[in-house]
Number of protein chains: 2
Amino acid sequence: MSQGEVLGPLDESVGYVLKRAANALRSAMEAALRPLDLTVPQYSCLEVLAQRPGLSNAELARAVFVTRQSMNLVLRGLQERGLVARPDSAPHGRARPTELTPAGRERHREASAVVRAVERRMLEPLSDGEQEQLLRGLVACVEALGTE
Amino acid sequence: MSQGEVLGPLDESVGYVLKRAANALRSAMEAALRPLDLTVPQYSCLEVLAQRPGLSNAELARAVFVTRQSMNLVLRGLQERGLVARPDSAPHGRARPTELTPAGRERHREASAVVRAVERRMLEPLSDGEQEQLLRGLVACVEALGTE
DNA sequence: CAGCGTATGTCAGAATGCTGACATGAGTCA
DNA sequence: TGACTCATGTCAGCATTCTGACATACGCTG
C-alpha cells in the first residue's frame, strides 16, 4: 500500500509532479552530500561562490533564494570549517566579499561531482533532446509565474 | 541587480531550474490561497481527501509527503474549522477515516479553482504537446530517483 | 492462548527558516 | 553640510517541520 499507489488525477497534475520531482531531487542530494558533511544550502552556497567569487552575504542569499539571516548562518558554519573566507572589515559599505579557500575549492569539487552524479541519474531515462526540452519547459514555467 | 542576473551555468542545470520552478509555484500557490485562509499543506490535504475520501491520518501524510505529526496538525486545524470530520473512535484499529464536510467540499471547490488558475498561468506559454512532454519528463525523473 | 511484528496516533524536543526590527555605511540632493 | 533613501549585517522572536520515543490496536504464528 505504501508504494503501489493508485494512479489518480493527482499524478496528471503538472504542479503535483513538479513538487514531487523537486522533493525527490532534494532527498537524493541530501543523501549524496551527507558523506561530505554538507547540507544542501551549504553546497548551494559553495556552488555559487565557485562560479561567482566575491559575492556578499545578501547577494548570496538572493542567488540561493533564502533570507540574509539564513545565509548568514550557512556562511558562519562554512567559515568556521575553513571553507570560505571573509575579510574582517568591509572594503566598501558593509558588504564583505566572500571567497572560497583552497579547502573550500577542494570540497566544492567533491560535492559538485556527487551532485552532478545525482542529476545524471535523474535524467538518465531522458534523451538529450528530451532533457533540453524539459529544461526549456521549466524555464518557461518560472518566467510565466515570475511576472505577476 | 536584483532582477537582471547574469545567465550563468546555474541556469543550465536542470536541478537548479527544477528547484526554482517548484519554489515559484509554491509562492504563487501561497499567494492565491491566502484569501481563502488556506495554507498549501491544508489545500493539499483537502485535494487528496476530495479524490480519496476516508483516508486516515497516516495515509494522508504519505500522500502529501509530510510526516504523520505534521499532517495531524493540519487535520486538527481543518477539523476545528469544520472542513473535515473524523469519528471520535476508530472503527478498526487506531486509524480514523477522514471525510470532507459539506463546508469542506465547498472550500475545496474554491481552492481547487484558484490553484488550477495558477497552474494554467504557469503552463500558459507551453503548447498542449509541450505540457504533456513536460509532465512525462518530470514523471521519468521522479521514477529514476525513486528507485535507489 | 501468548508472543511477535507492524501500523497507527500522539507527545516532547530540536532544527531550520522566516518575519520584524534596528544600527551602520554609502550615495543623492537641496 | 545636513537630511533623505537605500542596502547591508545582525539580533530577537515566531512558525513550521522533522526526529525520536512511547502506548495502543490488529494480524499472524507458534
Side-chain angles (χ1 to χ4, degrees), chain A residues 1-5 19 22-24 26-27 29-31 33-34 37-45 48-49 52 54-80 84-99, chain B residues 1-5 19-20 22-24 26-27 29-31 33-34 37-45 48 54-80 84-98:
Chain A
M1 186 197 297
S2 52
Q3 283 289 11
E5 294 288 343
K19 174 185 172 184
N23 199 354
R26 171 178 209 78
S27 297
M29 282 177 63
E30 280 176 359
L33 288 171
R34 196 165 301 134
D37 207 36
L38 285 177
T39 66
V40 173
Q42 286 170 343
Y43 157 73
S44 303
C45 183
V48 173
L49 276 178
R52 302 169 63 188
L55 259 58
S56 70
N57 179 28
E59 291 172 315
L60 281 169
R62 280 194 294 267
V64 184
F65 304 106
V66 297
T67 59
R68 288 170 296 178
Q69 292 85 338
S70 301
M71 179 55 71
N72 202 2
L73 290 179
V74 171
L75 276 182
R76 284 188 194 179
L78 293 176
Q79 192 169 11
E80 285 174 3
V84 305
R86 285 188 289 181
D88 288 341
S89 66
H92 183 73
R94 301 196 71 186
R96 288 183 294 161
T98 312
E99 308 248 355
Chain B
M1 189 193 297
S2 53
Q3 285 285 13
E5 292 290 343
K19 174 186 173 186
R20 195 135 157 48
N23 199 352
R26 172 178 209 77
S27 297
M29 282 177 63
E30 281 176 359
L33 288 171
R34 196 165 301 134
D37 208 38
L38 286 177
T39 64
V40 173
Q42 286 170 343
Y43 157 73
S44 303
C45 182
V48 172
L55 259 58
S56 70
N57 179 30
E59 291 172 315
L60 281 169
R62 281 194 294 267
V64 185
F65 305 105
V66 296
T67 59
R68 288 169 297 180
Q69 292 86 334
S70 300
M71 179 55 71
N72 202 1
L73 291 179
V74 171
L75 278 181
R76 284 188 195 179
L78 293 175
Q79 191 169 12
E80 285 174 3
V84 305
R86 286 188 290 182
D88 287 341
S89 66
H92 183 74
R94 301 197 71 187
R96 288 184 291 163
T98 311

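The structure displayed is predicted, hence computed values, not measured ones. Naming: A, B, ... by sequence-line order, numbering from 1 per chain.
- Side-chain nitrogen and oxygen atoms of A:Asn57 include none within less than 4.0 Å of the OP1 or OP2 phosphate oxygen of D:dT8.
- Listed nucleotides D:dT10, D:dT17, C:dT10 differ in distance to A:Gln69; the shortest reach to its side chain belongs to D:dT10.
- Comparing atom distances between the B:Leu73 side chain and each of D:dT17, D:dG27, D:dC18 picks out D:dT17 as nearest.
- When each of A:Pro41 and A:Gly93 is assigned the nucleotide of DNA chain C bearing its nearest heavy atom, the one mapping closer to the 5' terminus is A:Pro41.
- Proximity of A:Ser70 to the phosphate of C:dC18: a side-chain N or O atom is located under 4.0 Å from OP1 or OP2.
- Residues satisfying the salt bridge (Lys or Arg N to Asp or Glu O under 4.0 Å) criterion with B:Arg86, sequence neighbours excluded, are absent altogether.
- In terms of polar N and O atoms assigned as donor or acceptor, the side chain of B:Arg68 never comes within less than 3.5 Å of the base of C:dA7 in a complementary pairing.
- Atom CZ of B:Arg26 and atom P of C:dC18 are 11 Å apart (whole Å).
- Residue whose closest nucleotide on DNA chain C sits further toward the 5' end, between A:His92 and B:Arg86: B:Arg86.
- Distances shorter than 4.0 Å separate some side-chain N or O of A:Arg76 from OP1 or OP2 on D:dC11.
- Side-chain proximity of A:Arg62 to the nucleotides D:dT8, C:dG9, D:dG27 is greatest for D:dT8.
- Between the CZ atom of B:Arg94 and the P atom of C:dG5 there is a distance of 20 Å, rounded to whole Å.
- Screening A:Met71, A:Arg94, A:Gln69 for a side-chain contact (heavy atoms from CB on, under 4.5 Å) with A:Asn57, the sole residue that qualifies is A:Met71.
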